[in-house]
Amino acid sequence: MTEDIPEREARSFDNAEGATFFITQRDGAFFAYQNLCPHLQTELEFLENQFLDQDGEYIECSTHGALFNVETGECIAGPCLGESLQPIKVTVHSDGGIYLD
Ligand code: FES
């Protein structure tokens with residue numbers, strides 16, 4: 001549900017295959033990505049649901065500090081510069097539910 005993911009926060013989820021992904025909200029829109037850093041294919045967060053940097057401005061990999069644009073998933077700083085997180089398509093329904101497409 002949208003209220004479970006406040007603006008500039010993120011929450012992780014498991015899909016049916018057991019892979020983890022996360023959803024974050026920015027300016028009222030929701031963005032979802034697989035929880036895999038393109039640098040070493042490791043999970044991004046060290047603490048539960050901590051996918052954003054201190055200012056909540058960028059998605060941050062906790063391993064080597066790569067930063068990713070929230071809206072596009074593109075790495076804008078760090079060892080995987082120019083690579084991108086794998087986006088997941090989600091749709092917000094009128095009941096406030098967020099559904100994988
Ligand atoms: S594993 Fe993410 S920046 Fe190195």
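Atoms within each ligand, like the ligands themselves, are counted from 1 in listed order. One-based numbering along the sequence shown.
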Q) Can you list the ligand 1 atoms lying under 4.0 Å from a non-hydrogen atom of His39? A) 1 (S), 2 (Fe), 3 (S), 4 (Fe)
Q: Check if Pro79 has a non-hydrogen atom at a distance under 4.0 Å from any atom of ligand 1.
A: yes
Q) Would you call the rings of His64 and His39 parallel, tilted or perpendicular if under 30° counts as parallel and over 60° as perpendicular? A) perpendicular
Q. What residue and atom, counting heavy atoms only, is the protein's closest point to atom 3 (S) of ligand 1, and at what distance?
A. His64 CB, 3.4 Å
Q) Does Cys37 bring an N, O or S atom to under 2.8 Å of atom 2 (Fe) of ligand 1? A) yes
Q: Rounded to the nearest 0.5 Å, what's the gap from CD on Gln25 to OG1 on Thr2? Could you check?
A: 7.5 Å
Q) Do Asn35 and Glu45 have side-chain atoms, one donor and one acceptor, less than 3.5 Å apart? A) yes
Q | N/O/S from Cys61 sitting under 2.8 Å away from atom 2 (Fe) of ligand 1 | A | yes
Q: Could you go through the side-chain contact (heavy atoms from CB on, under 4.5 Å) check for Phe22 and Leu85 one step at a time?
A: CA-CA 11 Å; Phe22 65 97; Leu85 299 173; 4.2 Å; yes
(Q) Show the atoms of ligand 1 that are less than 4.0 angstrom away from any heavy atom in Thr42. (A) 1 (S)
Q. Less than 4.5 Å apart, any side-chain heavy atom of Phe31 and any of Pro87?
A. no
